[in-house]
**Q** 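Next up is a structure, given as structure tokens.
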Amino acid sequence: MARPRSKIDITCQNHTCKYFLKEDGKDILKRGRNIAGHQQYFCNHCRKWFVETANTPLYWKHLSEKEIINICKHLVEKNGIRSIERITGHHRDTIGRLIEDMAIHAETMNEYLIKNLKLTAIECDELWSFVKKNKRKLSPAALIGMKKVMHGSTQA
Ligand SMILES: [Zn+2]
């Protein structure tokens, strides 16, 4: 299936941009490909280029940014996957896959959570500890991603 070409569903990947990972108000242009063949994008807000391989959890197609933020808030409040399923109505597999993606991109996710959800570094740390305890099946990539941001987990 070809993806629709009219709509750009990627968000700005520049951490210092005001529209970093923001869907609302974004101004992204699609502009050719780089030498490696990756689609290039340009953010009109920060005037920076980035490529589509720089995917983040919030570029995740099955849930809107609002829903992802909602799930993150439940995780911060230490609600398990099953209770989040009950509260939000999303299937636990969907939530599980989102958490998996978030863990892989934990570094980017932390910046996002601190910037947009006004979490503190400690709250982020608690979120990952909770994810680690609550979700038994995490891929090696997810564990590596989490290890990068979790303090005190390296001695394990
Ligand atoms: Zn930008």
Side-chain angles (χ1 to χ4, degrees), residues 1-77 79 81 84 88-90 93-132 135 138-151 153-154:
M1 277 293 174
R3 278 201 261 162
R5 282 165 190 222
S6 49
K7 196 182 166 284
I8 292 169
D9 49 9
I10 202 160
T11 48
C12 183
Q13 307 290 310
N14 168 22
H15 299 186
T16 61
C17 180
K18 228 170 73 186
Y19 289 86
F20 172 55
L21 303 182
K22 260 190 154 359
E23 183 62 37
D24 294 338
K26 70 176 184 183
D27 191 1
I28 308 286
L29 298 174
K30 204 170 176 177
R31 284 261 179 93
R33 291 179 179 270
N34 67 8
I35 298 160
H38 298 302
Q39 180 65 54
Q40 292 187 121
Y41 296 90
F42 182 78
C43 173
N44 262 325
H45 292 295
C46 61
R47 319 290 298 168
K48 288 256 162 44
W49 292 86
F50 56 90
V51 293
E52 67 181 339
T53 48
N55 282 354
T56 68
L58 297 173
Y59 172 50
W60 212 63
K61 293 205 171 54
H62 299 87
L63 297 166
S64 71
E65 183 178 3
K66 215 178 127 195
E67 288 169 300
I68 293 169
I69 286 172
N70 193 23
I71 290 169
C72 288
K73 281 180 182 163
H74 288 305
L75 285 171
V76 172
E77 287 160 16
N79 286 304
I81 290 175
I84 296 174
T88 63
H90 295 298
D93 292 346
T94 305
I95 299 161
R97 264 181 284 133
L98 171 69
I99 293 173
E100 166 80 26
D101 274 1
M102 278 169 50
I104 291 170
H105 303 277
E107 272 180 309
T108 314
M109 206 58 212
N110 265 13
E111 288 180 51
Y112 181 85
L113 293 169
I114 290 165
K115 196 164 181 172
N116 295 294
L117 266 85
K118 311 282 173 238
L119 293 192
T120 63
I122 294 162
E123 283 172 319
C124 289
D125 218 44
E126 283 174 358
L127 186 148
W128 298 118
S129 314
F130 180 70
V131 163
K132 210 174 170 184
K135 197 172 183 302
L138 283 164
S139 70
L143 291 171
I144 290 165
M146 287 167 71
K147 212 167 182 176
K148 282 183 196 161
V149 295
M150 285 177 73
H151 306 287
S153 62
T154 38

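Both ligands and their constituent atoms are indexed starting at 1 by order of listing.
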**Q** Check for me: within less than 2.8 Å of the Zn ion (ligand 1), which protein N/O/S atoms show up?
**A** C12 SG, C17 SG, C43 SG, C46 SG
**Q** Got a donor-acceptor contact below 3.5 angstrom from the E23 side chain to the L21 backbone?
**A** no
**Q** If you apply the rule side chain to side chain contact (heavy atoms under 4.5 Å, CB included), what do you find for I144 with M146, and how did you get there?
**A** CA-CA 5 Å; I144 290 165; M146 287 167 71; over 6 Å; no
**Q** Treating Q40 as the side-chain partner and F50 as the backbone partner, does any N or O pair qualify as donor plus acceptor under 3.5 Å?
**A** no
**Q** Closer than 3.5 angstrom, by distance alone: can the side chain of K26 be matched with the main-chain N or O of I8 as a donor-acceptor pair?
**A** yes
**Q** Any sub-3.5 Å donor-acceptor pair from E100's side-chain atoms to S139's backbone N or O?
**A** yes
**Q** Step by step, would you call I69 with Y112 a side chain to side chain contact (heavy atoms under 4.5 Å, CB included)?
**A** CA-CA 10 Å; I69 286 172; Y112 181 85; 3.3 Å; yes
